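The structure under discussion appears below in the form of structure tokens.
These figures come from a predicted structure and were not determined experimentally. Chain A is the first sequence line, chain B the second, and so forth, proteins listed ahead of strands; every chain is numbered from 1.
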Amino acid sequence: MPKFFVTTPIYYVNDAPHIGHAYTTILADVLARFHRIAGDEVFFLTGLDEHGQKVKQAAQKRGLKPQAHCDDLAPRFLNLWQKLDIRFDDFIRTTEERHKKIVQLVLQKVHDAGDIYVDEYEGWYSVAEERFISQSEYTSGQFRDVKKLKEKNYFFKMGKYQQQLIDYLESHPDFIEPEHRKNEMLGFLRQPLSDLCISRPKARMDWGIEIPFDRDYVTYVWFDALVNYISVPGYGSDDAKFKKWWPAQVHLIGKDILTTHSIYWTTILFSLGLSLPKTIFAHGWWLIGQTKMSKSLGNVVNPLDLIDQYGADAVRYYLMREMVLGSDANFTLDSFNKCFNSDLANDFGNLLNRVSGLIAKNHGGRIPGAGLLTAVEEDIKKQANALPGKVKDLVNAFEVQEAVVAVIEFVRVLNKYMEAQAPWKLARTDMKAAERVLYTAAEGLRIASIMLAPVMPQKIATVLDILGAVGSKPVWGQLKAGTALKTHPPLFPRIELDDLKKSSV
RNA sequence: CGCGGGGUGGAGCAGCCCGGUAGCUCGCCAGGCUCAUAACCUGGAGGUCAUAGGUUCAAAUCCUGUCCCCGCAACCA
């Protein structure tokens, strides 16, 4: 059975979760669910990054110990994931013992391999950025809170892997996606790659994992956070498990942490002698606000606020439908409303109503038999059977938006088919034909629904329940004639834009 | 020369990597249907693909220059 190991970054707990965290995590969940229905064995990993200066500061500000602060913030993430129907397989917090001991193991191994050395460094230190900045960065005046600091620290010999990394990028076109990000990294690598400072003296910052070969130091973020990708699937603790899952199929990340992953993490893996993940995929950002619509409404709407009103599925659908992976996308309430009404209410939800309504009215509320299909139905059947493969190919190419659109386009085909066949007329003249049409439409809808299940798990579960087809596969013919349809309210009630205006004024 | 994204019919976007009738959603106009969440279906108007050059039989698509817009530059996917 093919396996699919997908990760999100582990999120930094110095603040509450926002749309960016939610987007990446939903995307990972959607990919995981697509792979599950394709029959792959899936491991979906997400979690929290809980060490570091800013966490310590955030805790101090609240008068809490760092761990108490983390324990308080972790549920906010977990609650949001629950609300959004995120079905992860493991959730790592870097303060967990199982992680800490592997981080120390990794540090020791890299040290033993001769890739870590100690050096004294004097330079400008940005308290805000928690790192030393270069002379040119200092003179740029862009960093506040800068002071001169002289300090002994441990360094990772990242520079020695520069050529190996360049060769790898050039010989593995799928490693960093989208392609322009790979080019960005190759551009970055044209400059000499310096070594990486990986420690902080406890005297200055002690909220971290102790370096095994020097107890006066803790390790800085890189060897802590990134290592979660291997510590969880069993590196150093469970060889069979690790062998099964590593390397990951994809690390999903935002474009802001591309360098961290494609350079720092990759060279760490080189040093450990491990394989690299198949793909690091950097998606774009959600830009919010600044449109006419939100201005006229006088407020900036956080997409996460829409969950309570319209449900997690609608928000998930919108986020997947609207962003072309790799580019930035704009969130506006207006585009959400349009997407919701047009795709979910008018096309998808309404098709269900048309079909179930007619079956209730003219066919005793039971799914009619298909009878003999004509050429028109054969064509629908062909499209329905082709849909899963089409969607799978698009998802594998990270074209999630296209995959969603492909399904909704098929829903439109079904609406057209209904219009052309007019089963409400046929019921008066040719009952057999009416039955055939409604079976075909319902069966098409069932298959389309299953292909949307990864994006909208809750609503699709409802649809399949209505159709009496829970657990069915996206293959033509599994809808059973004679099954009683459940009555139901509209799946996605239209958002009445006039009401909306009124209520917000 | 801070980093990055973008300029395609009224709005929002896809297409650009791998040149060859300019596509989608919304809106608008007309018609159809009247099973359905005033939804659905058909047809139509509307674009010199920012701009100036270049390459080519052929460019939204490749190359060069110019102009403009936006995000980041405090956190952060």
Side-chain angles (χ1 to χ4, degrees), chain A residues 8-12 14-28 46 49 54 58 128-129 136-137 140-145 173 178-184 187-188 252-259 281-293 319 321-324 326-330 332 334-335 337-339 341-362 399 401-402 405 408-409 411-427 434 437-438 441 488-497:
Chain A
T8 73
I10 49 175
Y11 307 116
Y12 204 42
N14 61 339
D15 202 359
H18 58 67
I19 178 65
H21 305 122
Y23 177 72
T24 313
T25 309
I26 291 170
L27 178 60
T46 185
D49 176 11
K54 293 206 187 83
E129 293 253 328
S136 62
E137 281 177 319
S140 76
Q142 290 172 30
F143 295 82
R144 303 175 304 154
D145 248 346
E179 196 182 358
H180 69 271
R181 298 291 171 202
K182 180 191 80 178
N183 295 335
E184 212 175 296
F188 183 89
L252 288 176
I253 58 170
K255 65 180 182 181
D256 50 323
I257 49 174
L258 179 64
T259 309
F281 193 101
H283 63 71
W285 283 337
W286 280 95
L287 311 175
I288 300 179
Q290 109 265 312
T291 65
K292 285 174 209 143
M293 183 66 191
L319 294 176
R321 164 74 164 92
E322 207 64 15
M323 181 180 271
V324 175
S327 320
D328 290 352
N330 237 304
T332 68
D334 192 40
S335 73
N337 289 335
K338 278 177 174 162
C339 171
N341 277 349
S342 129
D343 285 5
L344 297 180
N346 297 349
D347 287 337
F348 184 74
N350 187 43
L351 176 64
L352 174 66
N353 272 33
R354 302 179 83 182
V355 171
S356 65
L358 282 169
I359 290 176
K361 193 170 173 184
N362 298 330
E399 297 184 35
Q401 186 208 33
E402 291 295 325
V405 168
I408 212 71
E409 271 172 358
V411 168
R412 292 200 184 102
V413 166
L414 294 173
N415 270 319
K416 288 193 215 314
Y417 167 74
M418 287 283 284
E419 197 65 29
Q421 302 303 314
W424 51 92
K425 280 185 188 167
L426 290 173
V437 171
L438 285 174
H488 60 92
L491 205 60
F492 296 102
R494 275 178 66 83
I495 300 171
E496 294 305 332
L497 299 175

Quiz item: Contact class for Phe492(A) vs. all strands (heavy atom < 4.0 Å): base, sugar-phosphate, or nothing?
Solution: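 Answer is base: heavy atoms of Phe492(A) come under 4.0 Å of a base.
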Quiz item: Could you write nucleotides 21-28 of chain B as a row of B, S and -, 5' to 3', where a protein heavy atom under 4.0 Å of any base atom gives B, of only sugar-phosphate atoms gives S, and otherwise -?
Solution: ----SS--
Quiz item: Looking at G32(B), does its base get a donor-acceptor pair with the side chain of Glu419(A) below 3.5 Å?
Solution: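 Yes, a donor-acceptor pair under 3.5 Å.
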Starting at [atom1] of [X] and ending at [atom2] of [N], how long is that distance when rounded to a whole Å?
{"X": "Tyr12(A)", "N": "A74(B)", "atom1": "OH", "atom2": "P", "result": "17 Å"}
{"X": "Leu344(A)", "N": "A36(B)", "atom1": "CG", "atom2": "C1'", "result": "16 Å"}
{"X": "Arg494(A)", "N": "A39(B)", "atom1": "CZ", "atom2": "P", "result": "4 Å"}

Quiz item: Going by an N to O cut-off under 4.0 Å, is there a salt bridge joining Arg354(A) and Glu419(A)?
Solution: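 A salt bridge is present here (some side-chain N lies under 4.0 Å from a carboxylate O).
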Quiz item: Do NZ/NE/NH1/NH2 and the carboxylate oxygens of Asp343(A) and Arg412(A) come within less than 4.0 Å?
Solution: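 Yes, charged N to carboxylate O under 4.0 Å.
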Exercise. Using only side-chain N and O atoms of Lys416(A), determine if any of them is under 4.0 Å from OP1 or OP2 of U42(B).
Key: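 Lys416(A) to U42(B) OP1/OP2: side-chain N or O found under 4.0 Å.
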Quiz item: If you measure from the C1' atom in G6(B) to the same atom in A60(B), how many Å do you get, rounded?
Solution: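 G6(B) and A60(B) have their C1' atoms separated by 14 Å.
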N/O contacts under 3.5 Å, protein versus nucleotides 3-7 of chain B?
none

Self-check item: Stepwise side-chain hydrogen bond (donor to acceptor under 3.5 Å, both in side chains) check, Arg494(A) with Asn350(A)
Solution: CA-CA 10 Å; Arg494(A) 275 178 66 83; Asn350(A) 187 43; over 6 Å; no
